[in-house]
Novice: 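Before we start, here is the structure in question, set down as structure tokens.
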There are 4 protein chains.
Amino acid sequence: MTKLGVGVIGCGYWGPNLVRNFQRHPESQVVTVCDREIERASRVASEYRVPTVCDQAEDVFANPEVSLVVVATPTFTHHALAKSAIEAGKHVLVMKPLTGRLDHAEELCAMAERQGVLLAVDHTFLFTGAVRKMRQLIVDGAIGQIYYFDSVRINLGLIQTDVNVIWDLAPHDVSILDYLIRNEPVQVQAIGAAHGGSPTENLAYLNVRYDDSLLGHVHVNWLAPAKIRRTIVGGSKRMMVYDDMEPSEKLRVYDKGFTTEQPGSENGYKLLISYRSGDMHAPKLDASEALAVEVANVVGAIGGRNDLMADGVAGLRVVRILEGAQRSLELGGLPVRLDSNALAER
Amino acid sequence: MTKLGVGVIGCGYWGPNLVRNFQRHPESQVVTVCDREIERASRVASEYRVPTVCDQAEDVFANPEVSLVVVATPTFTHHALAKSAIEAGKHVLVMKPLTGRLDHAEELCAMAERQGVLLAVDHTFLFTGAVRKMRQLIVDGAIGQIYYFDSVRINLGLIQTDVNVIWDLAPHDVSILDYLIRNEPVQVQAIGAAHGGSPTENLAYLNVRYDDSLLGHVHVNWLAPAKIRRTIVGGSKRMMVYDDMEPSEKLRVYDKGFTTEQPGSENGYKLLISYRSGDMHAPKLDASEALAVEVANVVGAIGGRNDLMADGVAGLRVVRILEGAQRSLELGGLPVRLDSNALAER
Amino acid sequence: MTKLGVGVIGCGYWGPNLVRNFQRHPESQVVTVCDREIERASRVASEYRVPTVCDQAEDVFANPEVSLVVVATPTFTHHALAKSAIEAGKHVLVMKPLTGRLDHAEELCAMAERQGVLLAVDHTFLFTGAVRKMRQLIVDGAIGQIYYFDSVRINLGLIQTDVNVIWDLAPHDVSILDYLIRNEPVQVQAIGAAHGGSPTENLAYLNVRYDDSLLGHVHVNWLAPAKIRRTIVGGSKRMMVYDDMEPSEKLRVYDKGFTTEQPGSENGYKLLISYRSGDMHAPKLDASEALAVEVANVVGAIGGRNDLMADGVAGLRVVRILEGAQRSLELGGLPVRLDSNALAER
Amino acid sequence: MTKLGVGVIGCGYWGPNLVRNFQRHPESQVVTVCDREIERASRVASEYRVPTVCDQAEDVFANPEVSLVVVATPTFTHHALAKSAIEAGKHVLVMKPLTGRLDHAEELCAMAERQGVLLAVDHTFLFTGAVRKMRQLIVDGAIGQIYYFDSVRINLGLIQTDVNVIWDLAPHDVSILDYLIRNEPVQVQAIGAAHGGSPTENLAYLNVRYDDSLLGHVHVNWLAPAKIRRTIVGGSKRMMVYDDMEPSEKLRVYDKGFTTEQPGSENGYKLLISYRSGDMHAPKLDASEALAVEVANVVGAIGGRNDLMADGVAGLRVVRILEGAQRSLELGGLPVRLDSNALAER
């Protein structure tokens, strides 16, 4: 069997993790790594035994051994690089967020479809044992109707100066939201602040609304004294808390809730409320490295054996929310409607 | 020395705690308790040795032994009861929130000033050791410029059907915000949702904006599986976390922060960021019951020995934010400007 | 129906809690309270509407309305008071520990049996929802063979000067151990230290051994900076952690363990070990106040409707371990055999 | 400058970490790695660019480029390997515990002194920021007289079948105890149990006694459902809790304590106790990898620039306690006196 040839562009913080996982997968093999600073590419190549390096992305696109291009560069370069890769007939895996503009994401999705190549996006958190278990519990009906999604991702640093905290951290939360809810949001709002002389917002709050009463809320913050990574999903049957800072039992499922009852007309204005507070359950989670599961998913999808868990359209949905949030931020928190037509047409 | 005569109206959940604390204070004495259900009043009177009971508020106002009327009834009754008490020449202490409408709060403040009586509001949390210490650290300059105030107050129950979660829980957070920040907010926004057949919102997010980049945010929620009571105040010099669920060390002060530096013009677009992560300090807090401190503050203020920590104007400022939040909620999250003129005129 | 008449001797820290609970129970009624300081008795009588008070225990024993005598005095007085109560034909409930000497406990058990009255001991923790659930899980076979019992009960204060930390705190842990294990220990060891000029040990470690490999261990400490109240029970099938400092989910049951397998002779010296790490489960616990459950148990036992959960013999078993621990402490930690003959004869 | 040549014997779990750190240090260089399974040695050599490999320890001893031999093999081999290395005139760093027998440790210390080479022991935890800070606080007098040392190191797995849990886990706690207390213990006791068909004890309790009332206690356990790594040091002035499972603020220093006062003769039997409960402080800790600090210490000591923080005699002291504990374990928990003569003679 021939292994899937992979070319990785970008050897900064995240790229080497992808190289490592594609090298470790039995059916893929990194054939080249590329970075504008060739020394960085060489270091990565040496550590993970990648045969060739380059400092021009064009060399990756032109390499006939490369079937999958991994784009692990800053967001503003995603569109151009992914576009060229698709044009060269390569499958593409792009870091989150897919692009910095919605129209760019739409263009990439359309192109990939035309070219018959796969476009995947690195929504890493979807591949954790915790998020997959949350999804399964929702699909199995254990959670009931979802009432709200509340996610907090805060700590001190690493402040970016080219993107704000929404584009840097919120893609994690928004991609989890999108994966769990699987519903088209209609409106987004965001507020934020840029403190301490920073040119970009270093803390922000997003909320995402749907046709029904479901509410999504995300708090991202680079200026917090303690590290919190906690997502709560409240449902009509059960509630889940995913606390990524816990060393074990990261996901806790609470058999808690309430019911309301409208009694007869004689005292009809008085609603009867009953609470239910039962057991808490922390299911055993798959402890595989998320990136390894993701790599297996991408390699399998290219091989035709499974669907992509995070395809270009998922990336596009996330970018639509982020772009709406950015617009709302610039409008001082005004609600921004999300137009889902473009997507619906597909 | 004659003790301050106190009359307490309302013997539900909170009233008895006030009775207990006024009875325990050496300079005050509850002379009557009042409740529409006279048995409730009798039970409280018996437990705390209050000499008389009644079921008509008018009897309290007419009682010449009563110098201070405590209003511990549902919010919608505050205005009428406090107004009558002030007209009767009594000092008044009103439960939070002061009123359910801003104009009502304004009227009460103006009346109290005209009548020369004290109008106090029961912002209990201000009297905790933790919040007083936070205030002191801010006043002492230890926190520096305040960047943000983020407060989460969530758990399961006790769902109210006559008021929503904003009017029920957020007065705690907003009164702490007001006490710590001491600055006029210019805008408020709120979103929320009413789930499970509830007629009122059972979860909501508020944000409060100021002239500068300071951001206040409050998450209140009756539908959360775990109880969280946590307020973070981020400043330019230090950051504070007040976690009321901790059995001890409820307040933690982190010597953490960052500085930005604009280097010379040759690479002027690149901001240099330095992080500072030093010691964490949990100062010893006064463990007195908050209500006992509050009662001492009110008794002392009536005796002319100290200022009120939470006067009618503080209550009014909190109601202004809550009312603005309510309006924003009804407008689907649109920002609502807060007009501070009425107050400024005083 | 005539209510059970209760007389309570001792109105210090714990006595009033028992008065409150016997008053609240529909089938019992405190008819007199007694304390050497008559004002303390009067205060308690007034708060809980007890008709008579006295400062001589004899008056309680002589009171024909008293069927049950509650002994809530310091340990060194338990034997004499309980003995007189039994001689007067009363049922008796004695605070923990039952007595300060094993022979005294034996005498009380024998007397109660002869007199045909019930002798109960206030092992309060057995009546918590957590300990009852632990017992149930053991009885149901969910835990398997019990491997060890490890209990830590430490915090700062309240240092006693008449008894050491073993007699003050360890009765809680040892009574839980006795209740869960239901097996005769054969040996006990204890070490401790008296720091800071204290005349009695303020920290100590006990271990309790059985015929099989089960090991019980208790750490009690008045000089610890943080409050820890945690009991771990390790079994062959599951393990339980009871953390009394948790605000909720106090009991956590872990589906964790390991199995060993002796492979064939070719590499027989190498044991194969497999670990099992499954779900964690925090069962909903009965949140009733432990003392209310205990009072119901005692009242029911006197009424012939149920057995005592903590009878004199349970108290005796705990005293036997404590006395052995005390002897070991004085012997510098030498193991002390526990003779179970006296008990076995019954 | 010529770099210090290092030869590492043993490429199992821990060896590669040492290779990595000696390679990273600017003044040392691993020149050969050795393992009985040559493939393991090759893998490590390849990853960390070590020029030569071998499967015979003799080749390391005979290698003239090797000045320091690192012994990272199972405990039962330490004595023979370290002895040969010392005889070959090499400095030696031995994994913990130094040896499995006290006389072996004594022999190695004596030999190293005679040969004029350095004998170091890998007591890794001493080099963590937390333990170094604890030591500094003790030296500075901030803790006062040390009352007790209580260390818990428990979790599920990794059960060993050739050594028991005392020899596997307790060297960490005992080496910290030895480093912080710096006093000769006089007696040790241990109890333990071997559950589930294991040939060796998988849980154990040790206590270590000194001439004064100081008490050291260690709980090590392979069968615990939750991972706990917590050391408490109680002193007359302050108390410290080192919780290695905390993601940050691993060391907390509590300004807590008590004083006793013997009042005048009129009520002389009643000791007055005053508690002190002040601030808690979590000092910023050096976050350097402990092994990097250790390697720098060893390289510096060989270069004559500093003392060894953990020399052979420290290793010997730890082995003496472990061997005493083992003997006590075999005697069913009888106290075992520790003879310090052999050491004192030096």
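Keep in mind the model is a prediction, meaning the values are calculated, not measured. In what follows, chains carry the letters A, B, and so on, assigned in the order in which the sequence lines appear, proteins first and then strands, with residues in each chain numbered from 1.
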Novice: Select all residues of residues 162-181 of chain A having any heavy atom within less than 4.5 Å of some heavy atom of chain B, and report them by number, or 'none'.
Specialist: none
Novice: Quick check on the structure: residues of residues 239-248 of chain A within a heavy-atom distance below 4.5 Å of chain B, by number.
Specialist: A:M239, A:V241
Novice: Pick whichever of B:K256, B:R238, B:H195, B:Q189 has the most heavy-atom pairs under 4.5 Å with chain A.
Specialist: B:H195
Novice: Going from CG on B:L137 to CD1 on B:I143, what distance comes out if it is rounded to the nearest 0.5 angstrom?
Specialist: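 It comes to 5.0 Å.
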Novice: Within the distance-only criterion (no hydrogens, no angle test), does the side chain of B:R327 pair as donor or acceptor with the backbone N or O of B:L334 below 3.5 angstrom?
Specialist: no
Novice: Could you measure the distance from the CD atom of A:E184 to the OH atom of A:Y210? Nearest 0.5 Å is fine.
Specialist: 8.5 Å
Novice: Going by the angle between their ring planes, with limits at 30° and 60°, are B:Y205 and B:H219 parallel, tilted or perpendicular?
Specialist: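 It falls in the parallel class, under 30°.
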Novice: Please classify the contact between B:I228 and chain A as side chain, backbone, both or neither, with a heavy-atom cut-off of under 4.5 Å.
Specialist: side chain
Novice: Between A:L223 and chain B, which part of the residue has a heavy atom less than 4.5 Å away: side chain, backbone, both or neither?
Specialist: both
Novice: Residues two or more places apart in sequence or in another chain: which of them pass side chain to side chain donor-acceptor pair (under 3.5 Å) with B:H78?
Specialist: none
Novice: With a 4.5 angstrom heavy-atom cut-off, which part of B:I154 approaches chain A: side chain, backbone, both or neither?
Specialist: side chain
Novice: Output the option from B:S213, B:A193, B:P335 having the highest count of non-hydrogen pairs under 4.5 Å with chain A.
Specialist: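 That would be B:S213.
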Novice: Is B:R209 close to chain A through its backbone or its side chain, or both, or neither, when contacts mean heavy atoms under 4.5 Å?
Specialist: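 B:R209 touches chain A through side-chain heavy atoms alone.
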Novice: What option among A:N202, A:N207, A:L214 has the most heavy-atom pairs under 4.5 Å with chain B?
Specialist: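 Most heavy-atom pairs within the cutoff with chain B belong to A:N207.
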Novice: Under 4.5 Å from any heavy atom of chain B, what part of A:R230 do you find: side chain, backbone, both or neither?
Specialist: side chain
Novice: Where do B:I321 and B:P185 come nearest, in terms of heavy atoms and distance?
Specialist: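 Here B:I321 and B:P185 meet closest at CD1-CG, 3.8 Å.
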Novice: Shorter than 4.5 Å, heavy atoms on both sides: which option in A:D255, A:T259, A:N221 has the most such pairs with chain B?
Specialist: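 The candidate making the most pairs under 4.5 Å is A:N221.
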Novice: For the pair A:S198 (side chain) and B:T260 (backbone), establish whether a donor and an acceptor sit closer than 3.5 Å, ignoring hydrogens and angles.
Specialist: no
Novice: Is it the backbone or the side chain of B:S236 that comes under 4.5 Å from a heavy atom of chain A, or both, or neither?
Specialist: neither
Novice: Using a heavy-atom distance cut-off of less than 4.5 Å, which residues of residues 144-153 of chain A contact chain B?
Specialist: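 Expected list: A:Y147, A:Y148, A:D150.
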Novice: What is the minimum heavy-atom distance between B:P225 and A:I232, and which atoms define it?
Specialist: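 For B:P225 versus A:I232, the nearest heavy atoms are CD-CG2, 3.8 Å.
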Novice: I'd like to know if the side chain of B:D35 reaches the main chain of B:C11, judged simply by a donor and an acceptor atom lying under 3.5 Å from each other, with no hydrogens or angles considered.
Specialist: yes
Novice: Kindly give the heavy-atom pair with the smallest separation between A:A130 and A:L251, and that separation in Å.
Specialist: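 A:A130 and A:L251 have their closest heavy atoms at O-CD2, 3.9 Å.
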Novice: Identify which of A:A226, A:G332, A:S277, A:A194 forms the greatest number of heavy-atom pairs closer than 4.5 Å to chain B.
Specialist: A:G332
Novice: B:D212 versus chain A, heavy atoms under 4.5 Å apart: side chain, backbone, both or neither?
Specialist: neither
